[in-house]
Amino acid sequence: MSHLDYLDLPPARRAAGTVALPGSKSISNRVLLLAALAEGRTEIAGLLDSDDTRVMLQALRQLGVSVEQGADGVVRVDGVARFPVAEADIFLGNAGTAFRPLTAALALLGGQYRLSGVPRMHERPIGDLVDALRGLGAAIDYEGNPGYPPLAIGAFAGGGAERVSVQGNVSSQFLTALLLAAPLVVRGTGRPLVIEVAGDLISKPYIDITLNLMARYGVAVTRDGWQRFTVEAGSAYRSPGRVQVEGDASSASYFLALGAIGGGPLRVTGVGADSIQGDVAFAQTLAAMGATITHGPDWIEASGVRVAEGQTLKAFDADFNLIPDAAMTAAALALYADGPCLLRNIGSWRVKETDRIHAMQTELTKLGATVASGEDWLRVTPPAAGTWRDAHIGTWDDHRMAMCFSLAAFGPAAVRILDPGCVAKTFPDYFDVYASLVTG
Ligand SMILES: O=C(O)C1=C[C@@H](OP(=O)(O)O)[C@@H](O)[C@H](O)C1
Ligand SMILES: C=C(OP(=O)(O)O)C(=O)O
């Protein structure tokens with residue numbers, strides 16, 4: 001559907017069925033980089049195939065890493081000690097999970113690299129990461145505005161630093177990037193590297209994903225709460241052989257939400273109680289809103305009310321700092337709540353695919369909701385009966401805006417999603433899967 005300018009959603013009443021989730025974006029891009037930097041070959045099953053992973057795959061190929069996709073869908077990556085290509089101009093779209101970790105790895109290996117992205121990527125901050133990398137001896141220049149991509153990376157001077165500090169309050173991806181690249185420094189100095197976090201760390205569960213995957217590649221990180229992380233001397237990545245990528249827990253949020261408003265049961269497979277992704281906690285938000293959640297090791301199922309028949313979900317007032325991506329789904333669900341809903345501690349929304357606080361407020365307002373916002377919060381008062389309005393929903397080049405507004409089809413207004421193809425960032429066939437679960 002990516003060729004469409006818009007998609008008119010048919011009026012929806014019920015949602016039920018089972019979805020095999022696409023692979024996790026966060027795990028896919030981390031594993032690709034780890035596999036490239038590890039000794040040995042990794043066979044990756046369940047890798048996400050979307051814009052964000054394609055730019056990472058393309059970057060690794062440009063850097064001289066052998067990446068092959070078999071007929072079985074398994075991707076085979078042969079690790080390298082250093083990237084064979086020392087000079088490259090790399091385009092990374094709008095993929096934060098590719099841009100930040102690759103910046104760290106390339107800067108600490110050194111070479112002549114240029115990293116750029118789409119215009120929005122050039123508005124997404126990276127200064128805190130660049131400052132930390134410079135502290136370790138990296139040569140990085142800003143080609144445009146200081147603090148933002150595009151970046152020019154030069155030779156790594158080293159200097160033997162054993163300690164580095166990074167700000168944690170703008171994006172957790174800066175800490176993730178330093179952690180993933182830390183073994184490259186450690187092997188140069190032969191001494192441990194201590195990474196200290198300055199400011200309050202946001203989006204903490206993503207650090208758990210990073211540490212979990214580093215451990216699978218043989219690197220244990222010693223930690224002191226969320227303040228200090230030590231990568232030990234002698235740390236080096238070694239392929240575990242085969243990695244199975246979990247389903248994407250953020251993508252799961254749309255379907256679980258559909259089960260909660262369209263009766264259900266709606267089951268997602270590929271994530272469950274054993275997941276390493278923080279966004280599985282979104283199921284608890286749904287339960288607090290009145291949905292019934294059951295789960296097994298690798299599945300979650302949601303059943304709930306039928307909002308098309310006038311039933312409502314319970315309103316919420318919650319801190320969403322731990323699940324910023326799934327939180328957008330909660331904001332869309334507020335349309336069907338029995339009172340005003342408050343999303344707190346979501347300041348990172350301002351620097352993601354778009355200013356998500358502004359975009360969410362604008363589009364929910366079009367449907368008839370009353371929305372207030374501040375620097376890091378959003379309050380959504382659902383439209384009163386009879387005050388819903390037909391709307392053309394702008395998606396702001398943000399896959400999650402498109403996906404979460406598909407929930408609006410259960411209301412009484414006609415909903416048109418503009419530029420539905422923007423879902424390609426993480427879920428190219430989202431609207432086909434949606435259509436297979438939802439009935440009028
Ligand atoms: O590390 C990751 O995989 C991610 C971290 C989060 O970003 P922030 O740390 O910038 O909140 C999240 O929003 C993003 O989609 C993926
Ligand atoms: C914030 C997101 O992406 P990125 O990995 O580009 O930061 C997201 O997918 O919601």
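Start at 1 and go down the list; that is how both ligands and their atoms are numbered. The figures here come from the full heavy-atom set of this structure, side chains too, leaving out hydrogens, waters and symmetry mates.
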Face-on cation placement of Arg379 at Trp377 ring, 6.0 Å and 45° thresholds: no
If we only count N/O pairs under 3.5 Å, is Gly96 in contact with ligand 2? yes
If you measure every N or O of Lys425 against every N or O of ligand 2, does any of those distances drop under 3.5 Å? yes
Going by the atom numbers of ligand 1, which of them fall below 4.0 Å from some non-hydrogen atom of Ser171? 8 (P), 9 (O), 10 (O)
Considering only protein heavy atoms, which is closest to atom 10 (O) of ligand 2, and at what distance to one decimal place? Arg400 NE, 2.6 Å
Heavy-atom proximity to atom 4 (C) of ligand 1, picking from Glu353, Gln173, Arg30, points to Gln173
For Ser26, counting its heavy atoms only, list the atoms of ligand 1 lying under 4.0 Å from any of them. 2 (C), 3 (O), 16 (C)
Distance filter under 4.0 Å to Lys25 heavy atoms, resulting ligand 1 atoms: 14 (C), 15 (O), 16 (C)
Report yes or no: does a heavy atom of Gln173 sit under 4.0 Å from some atom of ligand 2? yes
Mark up the atoms of ligand 2 that fall under 4.0 Å of a heavy atom belonging to Asn94, in ascending order. 6 (O)
Salt bridge present between Arg223 and Asp208 (N-O < 4.0 angstrom): yes
Can you tell me which portion of Arg356 lies within the under-4.0 Å heavy-atom range of ligand 2? Options are side chain, backbone, both, or neither. side chain
Got the closest protein heavy atom to atom 5 (O) of ligand 2, with its distance? Lys25 NZ, 2.8 Å
With a 4.0 Å cut-off, would you call Asp200 and Lys204 a salt bridge? no
Enclosure of Arg238 CZ (heavy-atom neighbours >12, cutoff 6.0 Å): no
Taking N or O atoms only and a 3.5 Å limit, does Arg124 qualify as a polar contact for ligand 2? yes
Nearest neighbour in protein (non-hydrogen) for atom 8 (P) of ligand 1: Lys352 NZ, 3.4 Å
Here the gap from Trp349 atom CH2 to Thr354 atom OG1, rounded to the nearest 0.5 Å, amounts to 12.0 Å
Within-cut-off N or O pair, Arg100 and ligand 2, under 3.5 Å: no
Considering only heavy atoms, which of Thr176, Thr210, Asp325, Asp52 lies nearest to atom 14 (C) of ligand 1? Asp325
What part of Ser203, side chain from CB on, backbone N/CA/C/O, both or neither, has a heavy atom under 4.0 Å from ligand 1? side chain
Asp52 N/O to ligand 2 N/O under 3.5 Å: no
Would you mind checking which non-hydrogen protein atom is closest to atom 2 (C) of ligand 2, with the distance to 0.1 Å? Glu353 OE2, 2.9 Å
Atom 9 (O) of ligand 1 [closest protein heavy-atom partner, distance rounded to 0.1 Å]: Ser172 OG, 2.5 Å
